[in-house]
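Throughout, numbering of the chain's residues begins at 1 and tracks the sequence.
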Amino acid sequence: QVQLVESGGGLVQPGGSLRLSCAASGTLYSINAVGWYRQAPGNERELVARAGNGASINYADSVKGRFTISRADAWNTVYLQMNSLKPEDTAVYYCNYRLGRDDYWGQGTQVTVSS
């Protein structure tokens with residue numbers, strides 16, 4: 001059983017920054033990738049950033065150059081540094097771990113970008 005707990009969301013003004021954290025507990029094995037997704041009201045959940053087991057990192061075009069995904073060496077914590085935030089970044093952000101063929105999700109953390 002794997003549990004993921006996100007933190008760090010909140011209300012921020014346009015141009016501001018937030019750092020999201022995802023703490024993973026349980027048996028972490030065969031980690032293929034970790035990532036962050038987001039879902040805005042009325043929209044489907046979309047990929048924000050993803051780090052594979054190798055050196056591969058992928059970002060959505062809309063966040064390239066503004067967001068950075070990183071992780072602890074033990075893979076038990078994943079971060080998302082978000083800079084130059086825009087109102088369109090407003091969404092619930094979810095942490096994802098892919099272990100083998102199984103996907104695990106956190107409960108989500110709300111990010112609201114508004115003046």
Check: [Y] main-chain N/O paired with [X] side-chain donor or acceptor under 3.5 Å:
{"X": "Asn96", "Y": "Gly35", "answer": "no"}
{"X": "Glu6", "Y": "Cys95", "answer": "yes"}
{"X": "Ser30", "Y": "Gly100", "answer": "no"}
{"X": "Arg98", "Y": "Asn32", "answer": "no"}

Is the shortest heavy-atom distance from the side chain of [X] to the side chain of [Y] under 4.5 Å?
{"X": "Thr68", "Y": "Tyr79", "result": "no"}
{"X": "Leu20", "Y": "Phe67", "result": "no"}
{"X": "Ser17", "Y": "Val12", "result": "no"}
{"X": "Met82", "Y": "Val111", "result": "yes"}
{"X": "Leu80", "Y": "Arg38", "result": "no"}
{"X": "Tyr97", "Y": "Asp102", "result": "no"}

- Query: Is any side-chain N of the basic residue among Lys64 and Asp61 closer than 4.0 Å to the acidic one's carboxylate O?
  - Reply: yes

- Item | Option passing ring pair (Phe, Tyr, Trp, His ring centres under 6.0 Å) with Tyr37 (candidates Tyr94, Trp105, Tyr93) | Trp105

